[in-house]
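Just so you know, ligand 1 is whichever comes first in the structure, and atom 1 is the first atom listed for that ligand.
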Amino acid sequence: MAAPLLSRANFFSGAADTIKVALVGCGDRGTGAAMQAMLSKQNVKLVAMADAFRDRLDKSYNLLNANDISDWSGSAGNIKDKIDVAEERKFTGFDGYKKAIALADVVILTTPPGFRPIHFEEAIKQNKHVFMEKPVATTPEGVRKVLENAGIAKQKKLNVVVGLQRHYQNSYKELFSRKEMIGDITSAQAWWNNDGVWVKKRQQGQTEMEYQMRNWYYFVWLCGDHICEQHIHNMDVINWFKGGYPVKAQGMGGRQVRKGKEHGEIFDHHYVEYTYADGSILNSQCRHIPGTMSKVDELLIGTKGKIQCGAANIVDSKGKVLYQYDTEKENNPYQTEHDELFAAIAKGEYKFADAENGANSTMTAILGRMATYSGQAVEWDKAMAVTMNLHPDTYTWDTVPKTVPGTDGYYAIATPGLTKYA
Ligand SMILES: NC(=O)c1ccc[n+]([C@@H]2O[C@H](COP(=O)([O-])OP(=O)(O)OC[C@H]3O[C@@H](n4cnc5c(N)ncnc54)[C@H](O)[C@@H]3O)[C@@H](O)[C@H]2O)c1
C-alpha cells in the first residue's frame, strides 16, 4: 500500500494491509530492530534497506533471511516470509536513505546518531511513521532540527518511537507509577561504567571519511562521545522521573587509557553534576575503562526514600523495602516498543510522540559533554543555542571531515580549561 501525502490517522484499515518497513542503517542494532518489527505480530514486511556500506547491508540482509534466526537473535524460528527486499530496493552510500524511506510506511533509523536529524527530517517530510534509535543527534543544531521535526510529526499525526527502551520496560513503568512513595526527589545518581566498545582499525586505501564512518564511535560528529551514545539511557531515566531537564551542568572528564590513534577524539570518562530547576542534583558518571567496576544503573533519592532502578525496588530512608517489582514479570522492552508501535499503526492510531523527549535527553548528554570538554559550568539555554558546525558541508567518500588527524596521526583532544564549549 502506498503512503498518502498527509494524514496518517486511520490510514491502515485493517489486518489485510501490509505495513511496509524500510531500514536505514543496517548494523547491529538496525538488524535487531528490523527483526523486532517483523516479530511484532502485525502484517509487516521489510521492503527496503539502506546503508552507507554494501557489506553491512548484505550482512544484515543475510541475518534477517536466515533459516534460523536463533543463532544471532535469541528469537526462535525465522522471519524469511517478511523480508522482501529485492536488489533494486537495496541502497548504498550517503543518499540511499531518501530512496528507502520513499518505499515504506514506517522507517527504522539506526545509523550512528550524527545522521539522525537529517534522516528524521526526511522521514517526516515524506510522511512516515518512525522508529529511531537514541541518541537522536550529536550537536545542539542536530537537537534543534529533531525538535522542529518532532513538532511537525505531531501535526501530521505520525507515530514516533525512540529507542530509549526503559520507557517500554515493565519494571521501570511500575517504579515510575509509584514514584510518589519517595516524596520529592532531591538528588539522583546515574552510571554507565564498563569496559567500552569495539575499535575499527584504519585500512589501507581508505579515505579519511570512510575510516571515520567505519570507526564512528570515536568521532564526536558521528557519535557524540560515549556520554551521549550510551549514558543517555541513564540520564533519560532521571529526566523522566523528574519530569524535566537540567538547567545547567558542570563536570570533569578525560582519557586515561583511550590513547591510540584509533581512539579518535572521545574521552573514556566523564563525571557530571547536573542541576534541575528545583535545585535538585543529578550526579552522573560514565566510564569506558577495561578492568574497572562495571555498573549501569539509576538511583533517585527523595525526602521519604529511594528508587533503586537496577534492584527494581523502592526503599525507605533506612533501606527497608517498601516495594519490590517481581522480576519474573519483566519484558523485553526492545520487542515491546515495536509491538506497541506497529499495533498502533495497524489500527490507524496516533499514539507515540517520543521525539521531543529523545531530543531533550540527547541534549542533556551533550550539555554534559560540553561541561566536561570545557571544564566550565554550562547553562542549558546557552548550550541549546550553540552552533558547533562539526559536520562536513557535503557527504561523499572524498569529503574531508572537519576533524582530521595531525601529521603524527593523532586527533586533537578536548582540554578542560582551554577548550571552549561553544
Ligand atoms: N537502545 C539501545 O539499547 C541501543 C543498543 C545498541 C545501539 N543503539 C543505537 O543504534 C545506533 C546504531 O548502533 P549500532 O550498534 O547498530 O552501530 P553499527 O555500526 O553496528 O550500525 C550502524 C550502521 O549504520 C550505517 N551507516 C552509517 N552512516 C550511514 C548513513 N549516512 N546512511 C546509511 N547508513 C549509514 C553503518 O554503515 C552501519 O552499518 C546508535 O545510535 C546506537 O546508539 C541503541
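Of all the atoms in ligand 1, the ones that sit under 4.0 Å from a non-hydrogen atom of Gln165 are 1 (N), 2 (C), 3 (O). Close contacts between ligand 1 and Phe53 involve ligand atoms 37 (O) [criterion: under 4.0 Å to a heavy atom]. Which parts of ligand 1 touch His233 is read off a 4.0 Å heavy-atom cut-off, strictly below it: atoms 1 (N), 2 (C), 3 (O). Within the listing of ligand 1, atoms 22 (C), 24 (O), 26 (N), 27 (C), 28 (N) sit less than 4.0 angstrom from a heavy atom of Pro112. Annotation for ligand 1: atoms under 4.0 Å from non-hydrogen atoms of Gly163 are 1 (N).
Under the 6.0 Å cut-off for aromatic ring centres, Trp221 and Trp216 do not qualify, their centroids lying 6.0 Å or more apart. Between Phe176 and Phe241, the gap from one ring centroid to the other is short of 6.0 Å. Under the 6.0 Å cut-off for aromatic ring centres, His167 and Tyr172 do not qualify, their centroids lying 6.0 Å or more apart.
Comment: Arg255 does not engage Asp225 in a salt bridge, judged by the lack of any side-chain N to carboxylate O separation of less than 4.0 angstrom. Ion pairing between a basic and an acidic side chain is recognised when a charged N comes within 4.0 Å of a carboxylate O; Glu121 and Arg116 show no such pairing.
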| message | For a side-chain hydrogen bond (donor to acceptor under 3.5 Å, both in side chains) check, start with the C-alpha distance between Tyr245 and Asn357, then their side-chain angles and the critical distance, and finish with the verdict. | response | CA-CA 9 Å; Tyr245 305 94; Asn357 175 63; 2.6 Å; yes
| Going through the distances and angles, do Thr364 and Asn239 end up as a side chain to side chain contact (heavy atoms under 4.5 Å, CB included)? | CA-CA 9 Å; Thr364 306; Asn239 290 341; 3.0 Å; yes
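Contact analysis puts Arg116 in contact with ligand 1, with a non-hydrogen atom separation below 4.0 angstrom. The shortest separation from a heavy atom of Trp216 to ligand 1 is under 4.0 Å, placing the residue in contact. Within the 4.0 Å heavy-atom cutoff, Tyr97 does not count among the residues contacting ligand 1. A heavy-atom separation below 4.0 Å is not found between Tyr217 and ligand 1. At a 4.0 Å cut-off, at least one heavy atom of Pro135 sits close enough to ligand 1 to count as contact. Using a 4.0 angstrom heavy-atom cutoff, Gln230 does not count as in contact with ligand 1.
The aromatic rings of Phe115 and His119 lie parallel to each other, their planes meeting at an angle below 30°, with 60° marking the opposite boundary. In this structure, Tyr218 and His263 have tilted ring planes: the angle between them lies in the 30° to 60° band. Using cut-offs of 30° and 60° on the angle between ring planes, the pair Tyr211 and Phe219 is perpendicular. Using cut-offs of 30° and 60° on the angle between ring planes, the pair His226 and His288 is parallel.
The single protein non-hydrogen atom nearest to atom 43 (O) of ligand 1 is Glu229 OE2, 2.5 Å, given as residue, atom name and distance. Looking only at heavy atoms of the protein, atom 21 (O) of ligand 1 is closest to Gly27 CA, 3.2 Å. Ranking protein heavy atoms by distance to atom 5 (C) of ligand 1, first place goes to Arg29 CD, 3.6 Å. Nearest protein heavy-atom contact of atom 18 (P) of ligand 1 is Arg56 NH2, 3.8 Å. For atom 33 (C) of ligand 1, the closest non-hydrogen atom of the protein is Ala52 N, 3.3 Å. Among protein heavy atoms, atom 9 (C) of ligand 1 sits closest to Lys134 O, 3.5 Å. Of the protein's non-hydrogen atoms, Thr110 O, 3.3 Å is the one closest to atom 12 (C) of ligand 1. Atom 3 (O) of ligand 1 has its closest protein heavy atom at Tyr334 OH, 2.8 Å.
Residue-to-ligand polar distances keep Phe115 apart from ligand 1: every N/O pair is separated by 3.5 Å or more. Taking any N or O of Met213, backbone or side chain, none lies under 3.5 Å from an N or O belonging to ligand 1. Some N or O of Asp51 is nearer than 3.5 Å to an N or O of ligand 1, by distance alone.
Selection from Thr111, Leu164, Leu222 by nearest heavy atom to atom 29 (C) of ligand 1 gives Thr111.
Under 4.0 angstrom from ligand 1, the non-hydrogen atoms of Cys26 all belong to its backbone.
Once rounded to the nearest 0.5 Å, the distance linking NZ of Lys90 with OH of Tyr61 reads 4.5 Å.
Partner of Ser284 under the side-chain hydrogen bond (donor to acceptor under 3.5 Å, both in side chains) criterion, chosen from His231, His270, Glu273: His231.
No donor-acceptor pair closer than 3.5 Å links the side chain of Asp84 to the backbone N or O of Val47.
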